[in-house]
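Please read these numbers as outputs of a predicted model, since none were measured by experiment. All values below come from the heavy atoms of this structure, side chains included, with hydrogens, waters and symmetry mates left out.
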Amino acid sequence: MAGFDHQQLVNAAWIMKAAADLGLSLRDQRIGVMTAIGESGLAVLDYGDAAGPDSRGLFQQRANGAWGSLADRMDPYTSATNFFKALAKLTTRDSTQPTLVAHQVQGNADPYYYVPFWKPALTVVAALSGGSGPAPAATARMPSSIYQLG
């Protein structure tokens with residue numbers, strides 16, 4: 001689906017679940033998936049880059065104390081939860097372009113970096129949520145069409 005393999009889709013499902021468990025919107029879920037596509041290609045990376053050699057995980061979160069321990073940053077659900085807790089503090093996020101919301105949370109050099117990852121995120125979230133609705137809540141029974149978290 002959308003060029004992503006099984007593990008990448010499982011990671012996207014964890015991102016969506018973290019947002020849903022925090023009571024966040026479908027749009028917020030899409031922003032989270034978009035951000036992780038841009039940061040790691042939906043893979044839990046155990047290395048950083050020149051801008052952040054200490055960055056790890058789906059969101060390439062830094063070892064600056066803001067994103068938890070290395071284990072937190074390497075865990076898809078925990079790293080997504082920490083991403084969404086920061087995102088939830090942005091009171092104007094619903095009226096702000098998704099790329100700018102992600103930039104406000106991530107603080108990368110280019111605020112428009114995430115633009116090309118929006119459409120793939122829409123495709124992934126729609127497929128994993130079984131259509132246009134939000135991901136199921138933690139206590140909801142998942143229909144067979146929903147990607148199982150295992």
Side-chain angles (χ1 to χ4, degrees), residues 1-22 24-63 67-68 70-88 90 93-94 96-138 140-150:
M1 170 196 341
F4 297 104
D5 68 22
H6 172 80
Q7 189 57 53
Q8 290 168 305
L9 295 173
V10 169
N11 291 336
W14 281 118
I15 292 167
M16 293 168 62
K17 181 171 176 17
D21 287 352
L22 291 171
L24 298 178
S25 70
L26 180 62
R27 183 175 191 265
D28 292 333
Q29 292 177 37
R30 291 170 175 156
I31 291 170
V33 171
M34 172 195 72
T35 305
I37 292 171
E39 292 294 338
S40 68
L42 289 175
V44 180
L45 300 179
D46 64 353
Y47 58 86
D49 57 21
D54 60 340
S55 298
R56 298 290 185 275
L58 287 172
F59 295 92
Q60 286 292 277
Q61 294 162 329
R62 306 282 308 267
W67 303 109
L70 176 59
D72 291 341
R73 293 180 287 135
M74 294 298 288
D75 178 77
Y77 182 81
T78 304
S79 64
T81 297
N82 289 334
F83 172 85
F84 287 120
K85 284 180 179 178
L87 179 138
L90 304 175
R93 71 183 184 276
D94 290 337
T96 303
Q97 292 178 42
T99 188
L100 298 179
V101 173
H103 171 70
Q104 288 175 351
V105 174
Q106 296 293 102
N108 66 358
D110 179 3
Y112 297 96
Y113 171 75
Y114 301 101
V115 168
F117 309 112
W118 181 243
K119 285 186 181 179
L122 295 177
T123 301
V124 168
V125 171
L128 295 180
S129 66
S132 60
R141 183 170 171 83
M142 293 179 144
S144 61
S145 65
I146 301 298
Y147 206 81
Q148 300 296 318
L149 293 174

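- Counting only heavy atoms from C-beta outward, the side chains of Phe84 and Ile15 approach each other to under 4.5 Å.
- Closest of all the heavy-atom pairs between Asp54 and Arg73 is O-NH1, 2.9 Å.
- Pro120 is listed as a side-chain neighbour of Phe4, based on a closest heavy-atom distance under 4.5 Å.
- Checking Asp72, Asp21, Asn82 one by one against Tyr77, the side chain to side chain donor-acceptor pair (under 3.5 Å) holds for a single residue, Asp21.
- Of the possible polar contacts, none joining the Gln7 side chain to the Ala43 backbone as a donor-acceptor pair under 3.5 Å is found.
- Judged by distance alone, the side chain of Gln104 and the main-chain N or O of Val101 form no donor-acceptor pair under 3.5 Å.
- Taking the six-membered ring where tryptophan is involved, the planes of Phe83 and Phe59 are essentially parallel, since the angle between them stays under 30° and well short of 60°.
- Closest approach of Pro98 to Arg27, counting heavy atoms only: CD-NH2, 3.4 Å.
- The two atoms that bring Asp46 and Met74 nearest to each other are CB-CE, 3.6 Å, heavy atoms only.
- With 3.5 Å as the limit, one finds a donor-acceptor pair spanning the side chains of Asp28 and Ser25.
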- Message: Applying side-chain contact (heavy atoms from CB on, under 4.5 Å) to His103 and Thr99, what does each step give before you reach the verdict?
- Response: CA-CA 6 Å; His103 171 70; Thr99 188; 5.6 Å; no
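- Nearest heavy atom pair, residue Asn108 against residue Tyr114, reads ND2-OH, 3.3 Å.
- Interatomic distance, NZ of Lys17 versus CG of Leu128, reported as 14.0 Å (0.5 Å rounding).
- Paired with Leu45 under the rule side chain to side chain contact (heavy atoms under 4.5 Å, CB included), one option of Gln60, Arg56, Glu39 passes, and it is Gln60.
- Leu42 and Asn11 make their closest contact through O-ND2, 2.8 Å (heavy atoms, listed as atom of the first residue, atom of the second, distance).
- Side-chain N or O atoms of Arg30 include none that pairs as donor or acceptor with a backbone N or O of Trp118 at under 3.5 Å.
- Gln29 places none of its side-chain heavy atoms less than 4.5 Å from the side chain of Leu24.
- Among Ile37, Asp75, Val44, the one residue that satisfies the side chain to side chain contact (heavy atoms under 4.5 Å, CB included) test with Leu58 is Val44.
- Interatomic distance, Thr35 OG1 to Tyr113 OH, rounded to the nearest 0.5 Å: 10.0 Å.
- Within the 4.5 Å cutoff, the side chain of Val10 has heavy atoms near those of the His6 side chain.
- Interatomic distance, Trp67 CH2 to Thr78 OG1, rounded to the nearest 0.5 Å: 13.5 Å.
- Pro111 approaches Ala109 most closely through the heavy-atom pair CD-O, 3.6 Å.
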